[in-house]
There are 2 protein chains.
Amino acid sequence: MKYSVVVVDDHYLLSQAIGGMVQGFEKFDVLYLCKNGQELLDKLKEPNNIPDIVLMDIKMPILNGIETTEIINREYPNLKVLALSIEEDEYTILKMLRAGARGYLLKDTKKEILEEALTKVIEEGSYYTNNVSKILTGSLENDVRTEIKDRELEFIKLACTEMNYREIADIMCCSYKTVEGYRDSLYRKLGIKNRIGLVLFAIHHNLFTP
Amino acid sequence: MKYSVVVVDDHYLLSQAIGGMVQGFEKFDVLYLCKNGQELLDKLKEPNNIPDIVLMDIKMPILNGIETTEIINREYPNLKVLALSIEEDEYTILKMLRAGARGYLLKDTKKEILEEALTKVIEEGSYYTNNVSKILTGSLENDVRTEIKDRELEFIKLACTEMNYREIADIMCCSYKTVEGYRDSLYRKLGIKNRIGLVLFAIHHNLFTP
DNA sequence: AAAGATTAGGGGGTTTCCCCCCATTATATT
DNA sequence: AATATAATGGGGGGAAACCCCCTAATCTTT
């Protein structure tokens, strides 16, 4: 009996190609392909459509990989998710693993690694590459983003905009001086010098999608 | 006799998967895979390694798809290049086609389209999907980016940095006032209000990679 | 040769940003 | 009860960014 796999990726050619590759693996069968998380969740409602493992991209329209994985872990705790993405920034990887992914592969791994990861996740429960292990151990604490308060995060997103601080204060329903406070505390925490630095930080850490 | 194809993509799993897919096509054989443009150019020096068509990604380290395509068109004018990328912004597509690509596929097309495109490019010289045709006809003139001078482009890239204008002026070897001139003319042309707007413009038009 | 565009530079003024200082509430923590 | 620590608000000064208006040299075009 082969293990069943579902590939979720918004780029159709890629999910077809990866699906074809997985189909070529001895122990695996591709059940079907999905273009985003919502499509997968719809499919899963039919018990026959529940695979052994989901190979999930992260950046997707409608419902992304992180949100989808959270829902799957809540509603189908036995269904394993293996992340397969080009995003290699620590924060994304951490968020995906916290959401319940059993492993995280970058899209430039080799065919054999994919096969091994699929097998290990199903038979042993998880698979972590060197990169990912390092991130898991190293940067869990000194992750500066965990120190960012909710209000500051709100501010960051608005700062990545042509608005000036007075307009941002209006939207955040607080005074101009409060907004300056958020800014100053972020500059100190993140070691940046000006608003451009803040925008660059937000981009590098996927706090907003340009 | 089958046509020979080379796949160039920095994500190894993807080039393997797409290569596998192409290998499955009746009329095509995969000659080899490359991880970037430089690797391809090195390979091409050996005449036996020249394929009928190259399936090229755009964003790649070391030597990207646009630069590589330019070189290929200069040095191997008979070698056809078909772009296969996730970048769907007009400017990138235009640059790739101007560099000499015979067609431009997005990574969410279907298997059958890829096969058709490969065939058409080899047998008829080009293949354009609807999207690409529209962009070719529609936006060639009113593309605001063609109005950006070289010096201004240099400035934009430096403006997407924590440097202030005085430091930018030093790097550009001109006076602070000249830099202000570039800025003001860009603000007028692009209809933006401040430096954040400039950074957002640069991101949206792939003028710099964050 | 005259007109126009391009590139480089400058004067001066207003606004915004940056960075110190500080005070007042809550709300936890010890 | 005393003490952090958010979250909120504020004053003031200096630097940077922004935005006008202007000049001059070098090209291109007509």
Side-chain angles (χ1 to χ4, degrees), chain A residues 91 140-205 207-208 210, chain B residues 91 140-205 207-208 210:
Chain A
Y91 194 50
L140 251 171
E141 20 257 86
N142 59 5
D143 178 11
V144 76
R145 278 151 304 192
T146 57
E147 295 163 23
I148 297 177
K149 322 289 173 210
D150 287 355
R151 265 317 244 179
E152 288 172 352
L153 188 63
E154 240 181 283
F155 163 72
I156 290 178
K157 288 175 181 169
L158 294 169
C160 297
T161 283
E162 271 192 85
M163 282 187 284
N164 65 29
Y165 293 139
R166 243 167 268 276
E167 293 166 326
I168 291 176
D170 281 350
I171 291 180
M172 290 183 73
C173 293
C174 64
S175 94
Y176 170 71
K177 275 297 175 179
T178 304
V179 165
E180 282 201 307
Y182 297 146
R183 179 201 59 200
D184 293 350
S185 103
L186 282 168
Y187 283 10
R188 263 192 302 275
K189 269 191 269 195
L190 308 179
I192 53 182
K193 288 204 293 260
N194 55 36
R195 194 164 155 181
I196 306 295
L198 193 61
V199 174
L200 296 178
F201 173 86
I203 293 171
H204 288 319
H205 296 86
L207 299 184
F208 95 116
Chain B
Y91 194 50
L140 250 171
E141 19 258 86
N142 58 4
D143 179 11
V144 75
R145 279 150 305 191
T146 57
E147 295 163 22
I148 297 177
K149 323 288 175 214
D150 286 356
R151 266 315 246 179
E152 287 171 352
L153 187 63
E154 239 181 282
F155 164 73
I156 291 178
K157 288 173 181 171
L158 293 169
C160 297
T161 283
E162 271 191 85
M163 283 186 283
N164 65 30
Y165 293 141
R166 244 168 270 274
E167 293 166 326
I168 292 176
D170 280 350
I171 291 181
M172 290 184 72
C173 293
C174 63
S175 93
Y176 171 71
K177 275 297 177 181
T178 305
V179 165
E180 284 202 304
Y182 297 145
R183 179 201 58 200
D184 293 347
S185 101
L186 282 169
Y187 283 10
R188 262 193 302 276
K189 269 191 266 195
L190 308 178
I192 53 182
K193 288 204 291 259
N194 55 35
R195 194 163 154 183
I196 306 295
L198 193 60
V199 174
L200 296 178
F201 173 86
I203 293 170
H204 285 133
H205 296 86
L207 300 185
F208 95 117

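Residue numbering restarts at 1 for every chain, and letters A, B, ... go by the order of the sequence lines.
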Q) Starting at NZ of A:Lys149 and ending at P of D:dA7, how long is that distance when rounded to a whole Å? A) 6 Å
What side-chain donor-acceptor pairs closer than 3.5 Å can you find for residues 153-164 of chain A, not counting sequence neighbours?
residue, atom, partner, partner atom, Å
A:Glu154, OE1, A:Arg151, NH1, 3.4
A:Glu154, OE2, A:Arg151, NH1, 3.2
A:Thr161, OG1, A:Leu158, O, 3.4
A:Glu162, OE1, B:Lys193, N, 2.4
A:Asn164, OD1, A:Arg166, N, 3.1
A:Asn164, OD1, A:Glu167, N, 2.9

Q: Would you give the length of the straight line joining atom CD1 of A:Ile196 to atom CG of B:Leu198, rounded to the nearest 0.5 angstrom?
A: 8.0 Å
Q) So, for B:Cys174 and B:Tyr182, which heavy atoms are closest and what is the spacing to 0.1 Å? A) SG-CE1, 4.4 Å
Q) Expressed in angstrom and rounded to an integer, what is the separation of A:Met172 atom CE from D:dA7 atom P? A) 10 Å
Q | Rounded distance (Å) that lies between atom C1' of D:dA17 and atom CD of B:Glu162 | A | 16 Å
Q.
Donor-acceptor check, side chain of A:Asn194 to backbone of A:Gly197, threshold 3.5 angstrom: yes or no?
A. yes
Q: Rounded to the nearest angstrom, tell me the gap between atom CG in B:Asp150 and atom P in C:dA8.
A: 11 Å
Q: Determine, for nucleotides 10-21 of chain C in 5'-to-3' order, which nucleotides have protein heavy atoms under 4.0 Å from the base (write B), from only the sugar-phosphate (write S), or from neither (write -).
A: BBB---SBBB--
Q) Think B:Thr178 has a side-chain N or O under 4.0 angstrom from the OP1 or OP2 of C:dG9? A) yes
Q. Bend across the helix from C:dA1-D:dT30 to C:dA28-D:dT3, to 10°, with axes taken over 5 pairs at each end?
A. 40°
Q. Does A:Lys177 offer a backbone N or O that forms a donor-acceptor pair with the side chain of A:Tyr165 under 3.5 Å?
A. no
